[in-house]
Amino acid sequence: MTRITGATKVAGVVGQPIAHSMSPILHNAWLAAAGLDGVYVPFAVTPEAFAAFVGGLRGGSVAGLNVTVPFKTQALALADTVTERARLAQAANVLVFQADGAILADNTDGLGLLAAFAEQAPGFEPAAAPVAILGAGGAARGAAAAFLSAGATDIRILNRTVARGQELAADLGPGVTAHGLAQADKVFEGVGALINATSAGLSGSAGLDVPISATPATAVVMDMVYKPLITPFLAEARGLGRPTVDGLAMLIGQAIPSFEAFYGQTPPAGVDVRSLAKQALGL
Ligand code: ATR
């Protein structure tokens, strides 16, 4: 149990719902292993109260927040300073409360995505081949922005609502194109990666019906959803022999730079946070 003192540095995660967040498990395990006088707590906040909650933390009584569904867009809008990657993603998953009262917004989800590929698909090069992304919401936008920043030049957005994909593509520039799910056969040709950034496949929701078999045999298939850890989408990809990357690796990948932003140091090596998270997920 963490010993709380008068000098304990507090950070946390805000979202709704928040009770099942894995972030407190990851950050508190790192804090304990590093012997830091810090704590990381969940904040359950309603949408009506979100702006007042964040505004009330100006000045740094809380060092920073991770922000999750449904507040990432609103968090960006409340910040005084926005990093380039958060601006590109149009979403913030990190808010840092500076001593002068300013709020800095950042987005480490893209770093987490690339870190997940680096860890679970070693040898994968983000810029080497086209990348297909399913979805056109905030998660898909962040993924596209991350791959653009990693040098990818051909990013193919496939979305149920094509107009939404087109808007995203127009926003991010000529390297990003939009397609309907019905074009998947053609669009998947030659891709180096296929990423599910839709909310389909979340526990209890219907899965996605796309022809994964139309991707090259070497294409890396990734799902941002980590509950279940092996989504129907990843299970199908594995059945086809595709290398896969899971959403838990991305969650851990975004938590590392978040921890650095809050506590001013890199998480200690040697803490098996993946096993801790899997245990908490009942896996
Ligand atoms: P987030 O910010 O997490 O990305 P979002 O903005 O609600 O969430 O976006 C959810 C994405 O999942 C959208 O691309 C949505 O498609 P539409 O734009 O057509 O709504 C996609 N999505 C959700 N359920 C889906 C399903 N059953 N089949 C296909 N796409 C689905």
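Order of listing sets the numbers, starting from 1, for every ligand and every atom in it.
Side-chain contact, D80 with Q98: no donor N or O sits under 3.5 Å from an acceptor N or O.
With R85 as the fixed residue, the side-chain hydrogen bond (donor to acceptor under 3.5 Å, both in side chains) test singles out one of N107, D109, T108, D106: D106. Exactly one residue among N196, T198, T244 makes a side-chain hydrogen bond (donor to acceptor under 3.5 Å, both in side chains) with D223. That residue is N196.
Listed by atom number, the atoms of ligand 1 under 4.0 Å from A136 heavy atoms are 14 (O). Those atoms of ligand 1 with a heavy atom of G137 less than 4.0 angstrom away are 4 (O), 6 (O), 9 (O), 14 (O). Close approach of ligand 1 to A139 is summarised as follows: ligand atoms under 4.0 Å from at least one heavy atom of the residue are 1 (P), 2 (O), 4 (O). Ligand 1 places these atoms under 4.0 Å from at least one heavy atom of G135: 14 (O). Taking every heavy atom of L208 and a limit of under 4.0 angstrom, the matching atoms of ligand 1 come to 28 (N), 29 (C).
Backbone and side-chain nitrogen or oxygen atoms of R160 are examined, and one is located within less than 3.5 angstrom of a nitrogen or oxygen of ligand 1. Considering both main-chain and side-chain atoms, G138 comes within under 3.5 Å of ligand 1 through a nitrogen or oxygen pair. In terms of polar-atom proximity, L181 is not counted as a contact of ligand 1, lacking any N or O under 3.5 Å from an N or O of the ligand.
Residues D246 and K278 are not paired through a salt bridge, judged by the lack of any N-O separation under 4.0 Å between the basic side chain and the carboxylate. Using a cut-off of 4.0 Å between Lys/Arg side-chain N and Asp/Glu carboxylate O, R164 and E167 are scored as not salt-bridged.
Residue contacts with ligand 1 for N159 involve side-chain atoms from C-beta outward but no N, CA, C or O (heavy atoms, distance under 4.0 Å).
Taking the six-membered ring where tryptophan is involved, the planes of F147 and F124 are perpendicular, since the angle between them exceeds 60° and thus also 30°.
No path of Ile, Leu, Val, Met, Phe, Trp and Tyr side chains, each step under 4.5 Å between heavy atoms, connects L276 with M250, placing them in separate hydrophobic clusters.
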